[in-house]
Novice: 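Dropping a structure here in structure tokens format, bear with me for questions.
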Amino acid sequence: DKATNPSNRQEDWEYIIGFCDQINKELEGPQIAVRLLAHKIQSPQEWEAVQALTVLEACMKNCGRRFHNEVGKFRFLNELIKVVSPKYLGDRISEKVKTKVIELLYSWTVALPEESKIKDAYYMLKRQGIVMF
Amino acid sequence: TVSFHDDSDEDLLNV
């Protein structure tokens with residue numbers, strides 16, 4: 001909550017890194033973290049969602065393969081798909097948030113080719129015309 | 001509850 005607080009005036013890296021550290025300390029850290037992050041990323045408040053995406057990106061860089069495995073499941077990827085798809089939340093989410101979600105998905109298809117479900121999700125969005133470029 | 005060794009997943013959503 002502190003790392004994504006809408007009243008933060010800027011991204012608070014103390015709390016963001018604290019969140020990453022907590023994931024690394026706990027056995028079920030990655031599973032719990034992706035559920036919390038999915039909820040924040042779907043926030044109708046743009047700034048809360050943007051901060052959640054920054055936290056997600058920080059976790060991908062700092063929390064290793066256990067976290068990658070969890071992000072690389074359709075269970076989490078479907079929550080990101082809901083954000084960009086007009087059939088789900090897409091019409092209510094800002095372009096800034098949707099663009100960032102697509103940029104993150106693309107970056108992981110390149111950086112984490114072994115997480116094949118990320119590619120499946122990204123190319124499905126391309127086929128459906130949700131990712132245009 | 002989800003456990004550390006739980007590799008279960010759901011299907012990819014269709015948009």
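Below, chain A is the first sequence line, B the second, and so on; all start at residue 1.
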Novice: Using heavy-atom distances under 4.5 Å, tell me whether B:N14 contacts chain A through its side chain, its backbone, both, or neither.
Specialist: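 Interface part for B:N14: both.
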Novice: Which region of A:Y88, side chain (C-beta onward) or backbone (N, CA, C, O), has a non-hydrogen atom less than 4.5 Å from a non-hydrogen atom of chain B, or is it both or neither?
Specialist: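 The answer is the side chain of A:Y88.
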Novice: Please tell me whether A:V71 and A:V110 are part of a single hydrophobic cluster in this structure, the criterion being side-chain heavy atoms less than 4.5 Å apart.
Specialist: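 Hydrophobic grouping puts A:V71 with A:V110.
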Novice: First locate atom CG of B:L13, then atom CG of A:L80, and finally report the distance between them rounded to the nearest 0.5 Å.
Specialist: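 Here the rounded value is 10.5 Å.
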Novice: Looking at CG of B:L12 and CZ of A:R75, how far apart are the two atoms once the value is rounded to the nearest 0.5 Å?
Specialist: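 Rounded to the nearest 0.5 Å, the CG-CZ separation comes out at 13.5 Å.
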Novice: Using the rule that Ile, Leu, Val, Met, Phe, Trp and Tyr join whenever any side-chain heavy atoms are under 4.5 Å apart, tell me whether A:I17 and A:V50 fall into a single cluster.
Specialist: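 Yes, same cluster.
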Novice: Is A:I130 in contact with chain B via its backbone, its side chain, both, or neither, using a 4.5 Å heavy-atom distance?
Specialist: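 Contact with chain B is through the side chain of A:I130 alone.
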Novice: Counting N and O atoms only, with roles assigned by atom type, does the side chain of B:D9 sit under 3.5 Å from a partner on the main chain of A:K73, one being a donor and the other an acceptor?
Specialist: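 Such a contact is absent between B:D9 side chain and A:K73 backbone.
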Novice: Does atom CD of A:E14 have more than 12 heavy-atom neighbours from other groups under 6.0 Å away?
Specialist: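 No, because the 6.0 Å sphere around CD of A:E14 holds 12 heavy atoms or fewer from other groups.
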Novice: Following the transitive rule for hydrophobic clusters with a side-chain heavy-atom cut-off under 4.5 Å over Ile, Leu, Val, Met, Phe, Trp and Tyr, establish whether A:Y15 and A:I41 coincide in one cluster.
Specialist: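 Looking at the clustering, A:I41 is in a separate group from A:Y15.
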Novice: Evaluate whether atom OH of A:Y106 has more than 12 neighbouring non-hydrogen atoms of other residues, nucleotides or ligands under 6.0 angstrom away.
Specialist: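 No - once you tally the heavy atoms of other residues, nucleotides and ligands closer than 6.0 Å, there are 12 at most.
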